[in-house]
Amino acid sequence: MPWLLALRGIVGREILRFLHQRERFLGALVRPLIWLLVFAAGFRAALGVAIVPPYQTYIPYEVYIVPGLLGMIQLFNGMQSSLSMVYDREMGSMRLLLTSPLPRWWLLVCKLVAGVAVSLLQCWAFLLIATLFGIELPGPGWLTVLPALILNGIMLGALGLVLSSTIRQLENFAGVMNFVVFPLFFCSPALYPLYKMRESSETLYWICEFNPFGHGVELIRHALYGQVSWPDLGVVAAVALALLALAVRGYDPRRGLMKRKGG
């Protein structure tokens, strides 16, 4: 029961804090909506998209980038959630929770689940707005994409926890975010198919192939159309487990940040 109470408390606190912070909600939607409504209109003619899986016919560019923008929402949310973790660990509620009898790995899992829950609210709000602007998506895709969003959210949230476990000061986290978020996003099929990257640079193509965020985007893309991309699923699941293990190790007072701070 204490474990479930901790889970409910942390998840409920994060959701309520997100709902009360209207600026955060609007900020989470502004970035993908600008790409969808402004950049897509400008790039539509320049970036024609051939028929690539899971699509069965030619599609508008704005339809192609929707899964990538969902990944963008989760990527920024994972970083923001971890940014709050840096603050909470020093002066907020997590400072007290980390001294509780509950295992630290469970507290990190609770924080991770809370971040994923918030990202799901943001993703569905974005899909609703995209639909209102005429973006046609399969009706069942709203449900079939849920497991992919959860798994991708866990992977990106775990990445954020790993970063937060290595950073002592809040001011340093924003700089680290720029070195992580933008390479992950732009070296992926979020905005363009990888065959276009291969046409310009074989090296960049293979960098994109080894980018786990790109596999998460493709997992979401296939899930929106009721399909499972097993290679992408395997990569995202393996990376999520590895990052979660690193985060647990980083928050272990015998090995990670707490040891470096002197206990």
Side-chain angles (χ1 to χ4, degrees), residues 10-11 14-15 18 24-25 27-29 31-32 35 65-86 88 105 107-127 145-167 173-191 207-224 229 231-251:
I10 293 175
V11 173
E14 286 296 318
I15 292 178
F18 171 72
R24 181 182 172 188
F25 178 75
L29 296 178
R31 282 184 297 265
W35 277 101
I65 65 173
V66 165
L69 298 181
L70 291 174
M72 171 197 276
I73 291 172
Q74 293 196 301
L75 179 59
F76 276 93
N77 180 77
M79 296 300 107
Q80 272 194 320
S81 179
S82 300
L83 177 63
S84 68
M85 183 69 171
V86 175
D88 285 347
W105 68 265
L107 296 174
L108 293 177
V109 168
C110 292
K111 182 70 174 178
L112 191 57
V113 171
V116 173
V118 170
S119 75
L120 291 179
L121 295 177
Q122 296 173 347
C123 287
W124 273 324
F126 170 73
L127 285 176
V145 76
L146 179 59
L149 290 175
I150 292 175
L151 186 57
N152 192 57
I154 290 174
M155 179 184 70
L156 298 175
L159 172 61
L161 288 177
V162 171
L163 294 177
S164 69
S165 71
T166 63
I167 297 174
F173 195 85
V176 173
M177 280 178 59
N178 292 330
F179 285 101
V180 174
V181 169
F182 293 109
L184 286 178
F185 181 68
F186 288 109
C187 294
S188 75
L191 300 178
I207 291 175
C208 296
E209 278 288 345
F210 285 99
N211 179 4
F213 175 76
H215 292 278
V217 170
E218 287 301 299
L219 185 65
I220 294 173
R221 190 185 311 281
H222 284 78
L224 274 172
S229 177
D232 296 315
L233 176 62
V235 170
V236 174
V239 173
L241 289 175
L243 290 174
L244 183 57
L246 288 175
V248 171
R249 180 183 176 87
Y251 277 91

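Along the sequence shown, the residues carry numbers beginning at 1.
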Is there a side-chain contact (heavy atoms from CB on, under 4.5 Å) between Arg221 and Leu70? Walk through the geometry before answering. CA-CA 9 Å; Arg221 190 185 311 281; Leu70 291 174; over 6 Å; no
side-chain contact (heavy atoms from CB on, under 4.5 Å) evaluation trace for Ile220 with Gln74: CA-CA 11 Å; Ile220 294 173; Gln74 293 196 301; 4.0 Å; yes
Take Leu243 and Leu156 through the test side-chain contact (heavy atoms from CB on, under 4.5 Å) and record every step on the way to the result. CA-CA 9 Å; Leu243 290 174; Leu156 298 175; over 6 Å; no
Starting from the C-alpha separation in whole Å, work towards a yes-or-no answer on side-chain contact (heavy atoms from CB on, under 4.5 Å) for Leu127 and Val66. CA-CA 8 Å; Leu127 285 176; Val66 165; 3.9 Å; yes
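Note that OG of Ser188 and CG of Asn211 are 6.0 Å apart. Values are rounded to the nearest 0.5 Å. Once rounded to the nearest 0.5 Å, the distance linking NE2 of His215 with CG of Leu151 reads 13.0 Å. Here the CD1-SG distance, from Ile10 to Cys110, works out to 4.5 Å after rounding to the nearest 0.5 Å. Taken from CZ in Phe186 to SG in Cys208, the straight-line distance is 12.0 Å, to the nearest 0.5 Å. Atom CD1 of Ile73 sits about 9.0 Å away from atom CG of Leu149, to the nearest 0.5 Å. Note: Cys123 SG to Leu69 CG = 10.0 Å, rounded to the nearest 0.5 Å.
The closest donor-acceptor contact from the side chain of Asn152 to the backbone of Leu219 lies at 3.5 Å or more, if one exists at all. Distance alone, capped at 3.5 Å, places no donor-acceptor pair between the Arg31 side chain and the Phe76 backbone. In terms of modelled atom types and a separation under 3.5 Å, the side chain of His222 and the main chain of Asp232 share no donor-acceptor contact.
The shortest non-hydrogen separation linking Pro189 to Gly214 is CD-CA, 3.5 Å. Scanning both residues, Ser81 and Lys111, for their nearest heavy atoms gives O-CE, 3.8 Å. Contact detail for Ile65 and Trp35: the closest heavy-atom pair is CD1-O, 3.8 Å. The two residues Leu224 and Pro67 have their closest heavy-atom pair at CD1-CG, 3.8 Å. When all heavy atoms of Ala117 and Ile15 are compared, the pair lying nearest together is CB-CD1, 4.1 Å. In plain terms, the two heavy atoms of Ala148 and Ala223 that are nearest each other are CB-CB, 3.7 Å.
Looking at heavy atoms from C-beta onward, Met155 lies out of side-chain contact with Leu159 at the 4.5 angstrom threshold.
A donor-acceptor contact closer than 3.5 angstrom is absent between the side chains of Ser229 and Glu218.
A side chain to side chain contact (heavy atoms under 4.5 Å, CB included) with Tyr251 is found for exactly one of Leu108, Val162, Leu246, namely Leu108.
Ring geometry for Phe213 against Phe185 counts as tilted: the plane angle lies between 30° and 60°, on a 0 to 90° scale.
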